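A short worksheet on the structure shown next.
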There are 2 protein chains.
Amino acid sequence: MRIRTATDLGAFIRERRTKLGMDQAALAKKAGTSRKWLVEVEQGKPGAEIGLILRTLKSLEISIAVEADSPVETPSLGKAKAPDINSVLDSLKKRTVKKQI
Amino acid sequence: MRIRTATDLGAFIRERRTKLGMDQAALAKKAGTSRKWLVEVEQGKPGAEIGLILRTLKSLEISIAVEADSPVETPSLGKAKAPDINSVLDSLKKRTVKKQI
DNA sequence: CGAAATAGTAATCGAACGGTGACAGATTGT
DNA sequence: ACAATCTGTCACCGTTCGATTACTATTTCG
């Protein structure tokens, strides 16, 4: 499932939790958090800390993956957009990536 | 890329940022955060708020997906897997979605 | 060498986090 | 009806976040 907001994430966590037949208390304990925190997360709390989120997902055996949408910069697409290459070279010229090479 | 820890996430964010030729200040501004925050996130800060993380990933055109590792029960067509069905029915009997309607 | 840009760090401060414990509402089973 | 269970909410409190504003490396190029 695609996650765009904290609400998406909360909904998915809840769905998975109930599917596994766990109640909030059980999951909170397993993830090492408080039940209050879990309630708020399932409701889409945007302020929740990523560390606790990851622990919770792990407790639910949920894997999380990230992926770059566009390879580097949307090339192609109709217009003869060579400028993209130039802009990249330009930015590289200004101050090289530094880590490169 | 599979994300298991905040460090994984920070590394991926940094890699993507540099690949796009952005510096920390540019990304921080685009994501509506402070540069200091971004520095810490790239270093793997587990206390970072999920809301800001999601904004940052969006600014980098990174999509994030979650997936249940084990399917709880395979509703595959006509398989002779009765026990799973029962457990599902059991959990459903205990408490339904409730917030519906 | 020196200037410019990028990245890391420090101190401060208001705001929000997360934990605890308790309570009310809703739902289910006896 | 009653008890048991699960969920949502509340107040309190110590801790920590994130923004801001500096300052210090480090790198790169003229």
Side-chain angles (χ1 to χ4, degrees), chain A residues 5-7 9-60 87-101, chain B residues 6-7 9-60 86-101:
Chain A
T5 68
T7 303
L9 183 62
F12 189 79
I13 287 177
R14 184 180 197 119
E15 185 183 327
R16 174 67 172 168
R17 173 177 64 78
T18 56
K19 239 168 214 168
L20 290 177
M22 303 175 74
D23 59 21
Q24 292 174 339
L27 176 55
K29 181 177 180 181
K30 187 173 183 184
T33 70
S34 67
R35 192 174 66 83
K36 175 185 182 293
W37 178 85
L38 183 57
V39 169
E40 293 169 339
V41 166
E42 289 188 353
Q43 291 174 346
K45 181 180 197 176
E49 298 182 1
I50 185 68
L52 298 185
I53 295 280
L54 291 175
R55 292 219 309 261
T56 302
L57 294 180
K58 188 171 188 175
S59 297
L60 290 171
S87 66
V88 170
L89 290 177
D90 197 11
S91 61
L92 286 176
K93 210 165 58 170
K94 291 179 65 175
R95 187 72 40 200
T96 42
V97 185
K98 161 193 152 193
K99 287 205 83 152
Q100 208 65 326
I101 296 179
Chain B
T7 303
L9 183 62
F12 188 79
I13 287 176
R14 184 180 197 119
E15 184 184 327
R16 174 67 172 168
R17 174 178 64 78
T18 56
K19 238 168 215 168
L20 290 178
M22 302 174 74
D23 59 24
Q24 293 173 338
L27 176 54
K29 181 177 179 180
K30 187 173 183 184
T33 71
S34 68
R35 191 174 65 84
K36 176 183 182 296
W37 178 85
L38 184 56
V39 169
E40 292 169 340
V41 166
E42 290 188 353
Q43 291 174 346
K45 182 179 198 176
E49 300 182 2
I50 185 67
L52 298 184
I53 295 280
L54 291 174
R55 292 220 309 260
T56 302
L57 294 181
K58 188 171 188 175
S59 297
L60 291 171
N86 288 337
S87 66
V88 170
L89 288 177
D90 196 11
S91 62
L92 285 176
K93 217 164 51 168
K94 294 182 69 168
R95 178 172 306 286
T96 45
V97 184
K98 162 204 155 203
K99 221 30 176 174
Q100 217 58 325
I101 296 175

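Since the model is a prediction, treat every value here as computed from it, not as a measurement. Just so it is clear: chains get the letters A, B, ... in the order the sequence lines come, proteins before strands, and each one is counted from 1.
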How close or far is atom [atom2] of [N] from atom [atom1] of [X], stated in whole angstroms?
X: Leu27(A); N: dT7(D); atom1: CG; atom2: P; answer: 10 Å
X: Asp23(A); N: dT28(C); atom1: CG; atom2: C1'; answer: 14 Å
X: Glu42(B); N: dT6(C); atom1: CD; atom2: C1'; answer: 12 Å
X: Gln24(A); N: dG25(C); atom1: CD; atom2: C1'; answer: 14 Å

Query raised in the report: Between dT9(D) and Gln43(A), is there an OP1 or OP2 to side-chain N/O distance shorter than 4.0 Å?
Result: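 Result: yes.
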Query raised in the report: Can you tell me if the side-chain N/O atoms of Arg14(A) get under 4.0 Å from OP1 or OP2 in dG8(D)?
Result: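 For dG8(D), OP1 or OP2 has a side-chain N or O of Arg14(A) closer than 4.0 Å.
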Query raised in the report: What is the bend of the helix from dC1(C)-dG30(D) to dT30(C)-dA1(D) when you compare the axis at one end with the axis at the other, using five pairs each and rounding to 10°?
Result: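 Taking the rotation axis at each end, their angle is 50°.
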Query - Backbone of Leu27(A) reached by a side-chain donor or acceptor of Arg17(A) within 3.5 Å - result: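 The answer is no, because no donor-acceptor pair under 3.5 Å joins these two groups.
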Query raised in the report: Any sub-3.5 Å donor-acceptor pair from Arg35(B)'s side-chain atoms to Ala25(B)'s backbone N or O?
Result: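 Looks like no, no N/O pair under 3.5 Å.
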Requested in this report: Output all residues satisfying side-chain contact (heavy atoms from CB on, under 4.5 Å) with Leu54(A), sequence neighbours left out; order by chain, then residue number.
Outcome: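 In terms of side-chain contact (heavy atoms from CB on, under 4.5 Å), with neighbours along the sequence ignored, Leu54(A) is linked to Ile50(A), Ile64(A), Ile3(B).
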Query raised in the report: How many angstroms lie between CD in Gln24(B) and CZ in Arg14(B), if you round to the nearest 0.5 Å?
Result: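 Atom-to-atom, Gln24(B):CD and Arg14(B):CZ are 6.0 Å apart.
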**Report entry** Atom pair CD1 (Ile53(A)) and NZ (Lys45(A)), whose distance is rounded to the nearest 0.5 Å
**Finding:**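 One gets 10.0 Å once the value is rounded to the nearest 0.5 Å.
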Requested in this report: Measure the shortest side-chain to side-chain distance between Val41(A) and Ile13(A) over non-hydrogen atoms and say whether it is less than 4.5 angstrom.
Outcome: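 Sidechains of Ile13(A) and Val41(A): in contact.
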Requested in this report: Any chance you could list the contact pattern along nucleotides 13-22 of chain D? Use B for base contacts, S for sugar-phosphate-only contacts and - for none, protein heavy atoms under 4.0 Å, 5' to 3'.
Outcome: ----SSBB-B
Requested in this report: Looking only at non-hydrogen atoms, find the nearest pair between Gly32(A) and Arg55(A) and report the distance.
Outcome: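 Gly32(A) and Arg55(A) have their closest heavy atoms at O-NH2, 2.9 Å.
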Query raised in the report: So, for Leu38(A) and Ala28(A), which heavy atoms are closest and what is the spacing to 0.1 Å?
Result: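 Reported closest heavy-atom pair: CD2-N, 4.0 Å.
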